[in-house]
Colleague: 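Sharing a structure with you now.
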Amino acid sequence: MQTADLPFYHNPVMLAECLDGLNIKPDGVYGDCTLGGGGHSYAIANKLNENGTLHAFDRDQDAVAFATKRLAGVKCKFIVHPVRFGELKNEIAPNTLDGILYDLGISSHQVDESERGFTFVGNNPLDLRMDRREGISAQEWLRTVDAEELAAVLRKNADMDRAFKLATRIVEMVSAVSAEGRKIVPSDLKAVVESVFPDKRREVNGLLARVFQAIRMEVNGELKEIEDSMRAAVDCLKVGGRLVVMSYHSVEDRCVKETAAEFEKACICPEHMPVCTCGGNHQRLKKVNRKPILPTDEEIANNSRARSAKLRVYERI
Ligand SMILES: C[S@@+](CC[C@H](N)C(=O)[O-])C[C@H]1O[C@@H](n2cnc3c(N)ncnc32)[C@H](O)[C@@H]1O
């Protein structure tokens, strides 16, 4: 289907930079782990010929349905895997990919469709699952956690200040809302954030966004997904293949950097070992760019979602 005939879904970030990072060969085999609206996939597919293959993953069935329509008619072989990218090792054989892309986080569509319960604008009950067929919603999860557990999640997934106070007030709010027999809506969380940060009135939306981010990442197991999948990607890539990962906030970026770093070391001996006994030949990834690639000012002006993006490119060695 012509892209122009489809409704807006998502504006791909750093498209040219991602294609560059993947270093696409027309008859190569590529993976897009975050299909979304198919913006990156469509551009990758258009660089491939009939001997090329694109494997695309998304756990969100809206994304799979939309992007499948968008990519109908591309020349290359297009294979959709409607599962978590943490399943990569069960879906793709070792040493078969020339490049793999991760455009992490959520799509504009997921935020814009208010009934999906991702947005803190409006008053739809919180859900925050990318795949509504599995796991538990943010509603249900919040009803099971205590303040200690919630505080740990707020720190780990969003580097939140005043995490314990915030968590304690959220737990109190959740039990009050349950007693009223209704669902948790964004204004409930906003009232808690305002009460914990009375000195940061101007930053309330930013703080609320981070609370949403922390809960969303927990409900979807996002950090574990990134770690599991990137480790599997190293096995799936051919020597010379590219691993291209775009993150949107510091917690995600740290996870990407630290997971890749496991494969950038030649020596994997425990730190306390005085001499290397592992052979010192374990390096499997090298950085293509010393520093992460950032969007241009022009792209940020045209697409505010690009603002916080960081792109890291590695080569399998
Ligand atoms: C930022 S959007 C990708 C947008 C896409 N690159 C485009 O140009 O339209 C991220 C997508 O990845 C999906 N996603 C995030 N984590 C996932 C995971 N662990 N497994 C599969 N899909 C995931 C989300 O459902 C979302 O559709």
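All ligand and atom numbering here is 1-based and tracks the order in the structure. Fair warning: this is a prediction, and the values are worked out from it, not measured in the lab.
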Colleague: Regarding H55 and D32, is there a side-chain donor-to-acceptor distance under 3.5 Å anywhere?
Modeller: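 No, D32 and H55 have no side-chain donor paired with an acceptor closer than 3.5 Å.
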Colleague: Closer than 4.0 Å to some heavy atom of V83 - which atoms of ligand 1 meet that?
Modeller: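 In order of numbering, the contacting atoms are 21 (C).
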Colleague: Using heavy-atom distances only, which candidate in D131, I226, T34, L101 approaches atom 3 (C) of ligand 1 most closely?
Modeller: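 Going through D131, I226, T34, L101 one by one, T34 has the nearest heavy atom to atom 3 (C) of ligand 1.
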Colleague: Quick check: H40 and ligand 1, any N/O pair under 3.5 Å apart?
Modeller: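 Yes.
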Colleague: Using non-hydrogen atoms of the residue, decide whether G105 is closer than 4.0 angstrom to ligand 1.
Modeller: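 True for this residue.
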Colleague: Tell me the closest heavy-atom pair linking L15 and H40, and the distance in Å.
Modeller: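 Distance-wise, the nearest heavy atoms are CD1-CD2, 3.6 Å.
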Colleague: Do the two ring centres, one from F85 and one from F57, sit under 6.0 Å apart?
Modeller: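 That pair fails the under 6.0 Å test.
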Colleague: In sequence, state the C-alpha distance, the side-chain angles, and the governing distance for R231 and T259, and then conclude on side chain to side chain contact (heavy atoms under 4.5 Å, CB included).
Modeller: CA-CA 7 Å; R231 287 179 185 137; T259 308; 4.1 Å; yes
Colleague: Out of all atoms in ligand 1, which are within 4.0 Å of some heavy atom of G37? Include the element for each.
Modeller: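 Heavy-atom distances to G37 below 4.0 Å select 7 (C), 9 (O).
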Colleague: Once you restrict to heavy atoms under 4.0 Å, what part of H10 touches ligand 1? Side chain, backbone, both or neither.
Modeller: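 Answer for H10: side chain.
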Colleague: Nearest heavy atom to atom 24 (C) of ligand 1 wins, so pick from D58, D60, N11.
Modeller: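 Looking at heavy atoms only, D58 sits closest to atom 24 (C) of ligand 1.
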Colleague: Could you check whether R162 pairs with D199 (Lys NZ or Arg NE/NH1/NH2 to Asp/Glu carboxylate O, under 4.0 Å)?
Modeller: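 A salt bridge is present here (some side-chain N lies under 4.0 Å from a carboxylate O).
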Colleague: With the threshold set at under 4.0 angstrom, would you say L15 reaches ligand 1 through any of its heavy atoms?
Modeller: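 For ligand 1, residue contact (heavy atoms, under 4.0 Å) with L15 is absent.
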Colleague: Go through ligand 1 atom by atom and flag the ones less than 4.0 Å from a non-hydrogen atom of P12.
Modeller: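 What qualifies from ligand 1 is 8 (O).
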Colleague: I'd like to check whether D103 has a polar contact with ligand 1, where a contact means an N/O of the residue lying under 3.5 Å from an N/O of the ligand.
Modeller: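 For ligand 1, there is an N or O atom that lies under 3.5 Å from one belonging to D103.
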Colleague: I need the contact type for V13 against ligand 1. Using non-hydrogen atoms and a strict under-4.0 Å cut-off, is it side chain, backbone, both or neither?
Modeller: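 Near ligand 1, V13 shows nothing, with every heavy atom at 4.0 Å or more.
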Colleague: Before accepting this row, confirm whether a basic side-chain N of the pair E227/K224 lies closer than 4.0 Å to the acidic partner's carboxylate O.
Modeller: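 K224 and E227: not salt-bridged.
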Colleague: Just verifying a value: how many Å separate D188 CG and F120 CZ, rounded to the nearest 0.5 Å?
Modeller: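 The distance works out to 15.0 Å.
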Colleague: Within a distance under 4.0 Å of any heavy atom of E225, pick out the atoms of ligand 1 and give their elements.
Modeller: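 Atoms satisfying the 4.0 Å criterion: 18 (C), 19 (N), 20 (N).
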Colleague: Assess whether a salt bridge exists between E194 and K200, defined as any Lys/Arg side-chain N lying under 4.0 Å from an Asp/Glu carboxylate O.
Modeller: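 Salt bridge flag = no for K200 with E194.
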Colleague: Output the list of atoms in ligand 1 that are nearer than 4.0 Å to some heavy atom of G38, sorted by atom number.
Modeller: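 Listed by number with element, the hits are 7 (C), 9 (O).
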Colleague: Any atoms of ligand 1 less than 4.0 Å from a non-hydrogen atom of L104? List them with their elements.
Modeller: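 Answer for ligand 1: 1 (C).
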Colleague: Looking only at heavy atoms, which two atoms of V313 and G21 are closest? And how far apart?
Modeller: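 V313 and G21 have their closest heavy atoms at CG1-O, 3.8 Å.
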Colleague: Who are the salt bridge (Lys or Arg N to Asp or Glu O under 4.0 Å) partners of R143, not counting sequence neighbours?
Modeller: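 Residues passing salt bridge (Lys or Arg N to Asp or Glu O under 4.0 Å) with R143: none at all.
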Colleague: Give the residue, atom name and distance (to 0.1 Å) of the protein heavy atom nearest atom 17 (C) of ligand 1.
Modeller: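 Result: F85 CE2, 3.3 Å.
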Colleague: Starting from atom 21 (C) of ligand 1, what is the nearest protein heavy atom, named by residue and atom, and what distance separates them?
Modeller: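 Result: R59 N, 3.3 Å.
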Colleague: Which option, Q110, M217, M130, owns the non-hydrogen atom nearest atom 14 (N) of ligand 1?
Modeller: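 Comparing heavy atoms across Q110, M217, M130, the nearest one to atom 14 (N) of ligand 1 lies in M130.
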Colleague: So is R70 actually on top of Y42's ring, under 6.0 Å and inside 45° of the axis?
Modeller: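 Yes, cation above the ring, under 6.0 Å and within 45°.
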